[in-house]
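Below is one structure, written out as structure tokens; comments come after it.
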Amino acid sequence: MPDRNSIALPPSFEAETIAALAKALAHPARVRIIAFLLSRPGCIGGDIVDQVGLAQSTVSEHLRILKDAGLVQGAIDYPRVCYSLDPDALAPLQVMIGAIAARPAGADAACCYTPQGCVPREADDNPDASHDGLKPHEEV
């Protein structure tokens with residue numbers, strides 16, 4: 001049975017990339033910008049502000065965050081910048097989400113890892129059992 005020290009973790013640079021991608025996607029306005037860019041083929045110019053319904057400065061800041069994460073590319077088409085999605089940018093996040101989705105339900109059924117070690121799953125199924133010293137539904 002694998003223990004928590006044998007689990008393959010992504011290299012730290014991938015973990016940083018995945019975290020940056022997740023952070024960039026963690027705002028509804030940025031998700032709307034991505035959805036709008038997905039809805040149009042090619043490059044989008046000034047339409048983003050109208051579609052997202054936010055001030056130009058706010059949209060520019062959200063686009064900056066998306067560009068810093070690598071999700072959006074901007075090309076200058078004077079007098080404006082034309083934005084498009086980078087289809088390869090989400091690859092590290094896609095790999096991690098795919099690994100989570102592919103994991104069989106109950107993969108760790110034999111045991112639950114805690115700081116105290118491996119706790120048999122049967123104890124974990126008992127709603128009265130507590131590994132943190134609190135009773136079920138007790139506030140910290």
Hey, quick one: are [X] and [Y] part of the same hydrophobic cluster, counting side-chain heavy atoms closer than 4.5 Å, chains of contacts allowed?
X      : Y     : value
Ile100 : Val95 : no
Ile65  : Val52 : no
Leu37  : Val31 : no

When rounded to the nearest 0.5 angstrom, what is the spacing between [atom1] in [X] and [atom2] in [Y]?
X     : Y     : atom1 : atom2 : result
Ile34 : Leu66 : CD1   : CG    : 4.5 Å
Leu63 : Ile48 : CG    : CD1   : 5.0 Å
Glu14 : Leu21 : CD    : CG    : 11.0 Å

State, yes or no, whether a side-chain contact exists between Leu25 and Leu90 at a heavy-atom distance under 4.5 Å.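 Yes; the side chains approach each other to less than 4.5 Å.
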
Do His62 and His27 come within less than 4.5 Å of each other through their side chains, counting heavy atoms only?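 In short, these two side chains touch, coming nearer than 4.5 Å.
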
Can you tell which of Met96, Lys23, Gln94 makes a side-chain contact (heavy atoms from CB on, under 4.5 Å) with Ile18?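 Output: one option passes, namely Met96.
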
Begin from the C-alpha positions of Val72 and Asp86 and carry the test side-chain contact (heavy atoms from CB on, under 4.5 Å) through to its verdict. CA-CA 6 Å; Val72 171; Asp86 179 355; over 6 Å; no

Please give me the minimum heavy-atom distance between Ala24 and Leu71, naming the atom from each residue.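 Reported closest heavy-atom pair: CB-CD1, 3.9 Å.
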
Shortest non-hydrogen contact from Gly74 toward Val81: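 Scanning both residues completely, I find the closest heavy atoms to be CA-CG1, 3.9 Å.
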
Can a side-chain donor-acceptor contact be found between Glu61 and Ser57 if the only test is distance below 3.5 angstrom?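 No, Glu61 and Ser57 have no side-chain donor paired with an acceptor closer than 3.5 Å.
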
Examine distances only and state if a side-chain atom of Thr58 and a backbone atom of Leu54 form a donor-acceptor pair shorter than 3.5 Å.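 Here the side-chain-to-backbone pair does not exist.
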
